[in-house]
Amino acid sequence: QVQLVESGGGLVQAGGSLRLSCAASGRTLSRYVMAWFRQAPGKEREFVATISRSGDNTYYQDSVKGRFTISRDNAKNTVYLQMNSLKPEDTAVYYCAADSTISLRLSRSRKDYDYWGQGTQVTVSS
């Protein structure tokens, strides 16, 4: 199985940027479709973005399109989430997740993801 560790969270003012990283160990990252989810206080965990095993295909939640970019470096076993033009409503704990599917799906459902990191807090002040 794969172990995932997120980093890069913090406190930022509205309009600012952060880059989250998710480092994988245990198995090569290229085996997995990867995604970022987030969970705000009192809310359910929601999908943010996903990326195919090769990195050629991505899919985003509508509210982050044009502001967030998911990418991966399989040689470094790391997935990234570049977040620009941050808004207070982006405040949440951000989780990376791995889907071990052998299909071509890019799922938005957390039920399809088999492995999760511990999360990193992102706080955007107004």
Side-chain angles (χ1 to χ4, degrees):
Q1 62 181 25
V2 64
Q3 292 80 43
L4 304 172
V5 178
E6 302 94 336
S7 62
L11 174 64
V12 64
Q13 288 188 333
S17 298
L18 282 174
R19 187 197 197 200
L20 306 184
S21 299
C22 173
S25 62
R27 284 192 171 180
T28 180
L29 195 67
S30 60
R31 297 169 61 103
Y32 302 94
V33 170
M34 298 298 296
W36 288 93
F37 287 76
R38 66 186 181 186
Q39 187 166 17
K43 296 187 177 181
E44 291 192 355
R45 193 170 299 188
E46 66 173 3
F47 167 80
V48 176
T50 184
I51 188 167
S52 61
R53 283 181 286 269
S54 66
D56 289 343
N57 295 295
T58 58
Y59 186 78
Y60 296 90
Q61 182 200 106
D62 285 347
S63 69
V64 307
K65 282 180 182 177
R67 301 189 297 122
F68 290 11
T69 303
I70 188 171
S71 62
R72 65 192 297 161
D73 186 337
N74 286 338
K76 294 184 177 179
N77 258 14
T78 303
V79 176
Y80 305 97
L81 185 68
Q82 178 66 44
M83 305 186 295
N84 298 328
S85 302
L86 282 160
K87 304 176 181 180
E89 51 263 43
D90 295 318
T91 295
V93 177
Y94 283 71
Y95 299 89
C96 71
D99 181 358
S100 59
T101 181
I102 61 173
S103 74
L104 297 177
R105 75 180 180 200
L106 294 181
S107 176
R108 294 171 292 172
S109 173
R110 62 181 187 264
K111 297 179 181 180
D112 289 328
Y113 289 84
D114 308 292
Y115 304 103
W116 293 82
Q118 82 291 346
T120 185
Q121 176 71 46
V122 171
T123 303
V124 184
S125 64
S126 57

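FYI, side chains are in, hydrogens and waters are out, and symmetry mates aren't considered; it's all heavy atoms of this structure.
Linking ILVMFWY side-chain heavy atoms closer than 4.5 Å, directly or via other members, places Tyr113 and Val2 in two distinct hydrophobic clusters. Connection of Leu4 to Ile51 is established within a shared hydrophobic cluster, with ILVMFWY side chains joined at heavy-atom distances below 4.5 Å, either directly or through further cluster members. Linking Ile, Leu, Val, Met, Phe, Trp and Tyr residues whenever their side-chain heavy atoms come within less than 4.5 Å places Val12 and Leu20 in a single cluster. In the hydrophobic clustering of ILVMFWY residues, with side-chain heavy atoms under 4.5 Å counting as a link, Val33 and Phe68 come out apart. Note on Tyr80 and Tyr94: separate hydrophobic clusters, where clusters join Ile, Leu, Val, Met, Phe, Trp and Tyr whose side-chain heavy atoms are under 4.5 Å apart, directly or indirectly.
A cation-pi arrangement is present between Arg45 and Trp116 under the rule of less than 6.0 angstrom and at most 45 degrees off the ring axis.
The only option from Val124, Thr91, Thr123 that meets the side-chain contact (heavy atoms from CB on, under 4.5 Å) definition with Leu11 turns out to be Thr123. Each of Lys111, Arg105, Arg108 was compared with Asp99 under the salt bridge (Lys or Arg N to Asp or Glu O under 4.0 Å) criterion, and only Arg105 meets it.
Between the side chain of Asn84 and the backbone N or O of Ser17, no donor-acceptor pair lies under 3.5 Å. The main-chain N or O of Lys76 is found under 3.5 Å from a side-chain atom of Thr78 such that the two form a donor-acceptor pair. Formation of a donor-acceptor pair under 3.5 Å by the Asn74 side chain with backbone atoms of Arg53 is found in this model. Judged by distance alone, the side chain of Tyr60 and the main-chain N or O of Ile70 form a donor-acceptor pair under 3.5 Å. Judged purely by atom type and a 3.5 angstrom limit, Asn77 uses its side chain to pair as donor or acceptor with the backbone of Leu29. Panel note: side chain Arg110, backbone Ala97; no donor-acceptor pair is recorded below 3.5 Å. In this structure, Glu6 contributes its side chain and Gly119 its backbone to a donor-acceptor pair below 3.5 Å.
Taking all atoms of both residues into account, the shortest heavy-atom contact from Leu81 to Ala49 is CD1-CB, 4.4 Å.
A donor-acceptor contact closer than 3.5 angstrom links the side chains of Ser107 and Asp112.
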Determine, step by step, whether Trp36 and Phe47 satisfy the ring pair (Phe, Tyr, Trp, His ring centres under 6.0 Å) criterion, reporting the C-alpha distance in whole Å, the side-chain angles of both residues, the deciding distance to 0.1 Å, and the verdict. CA-CA 7 Å; Trp36 288 93; Phe47 167 80; over 10 Å; no

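The structure places CZ of Arg38 at 8.5 Å from NZ of Lys43, a figure rounded to the nearest 0.5 Å. In this structure, the separation between OG on Ser126 and NZ on Lys87 is 14.0 Å, given to the nearest 0.5 Å.
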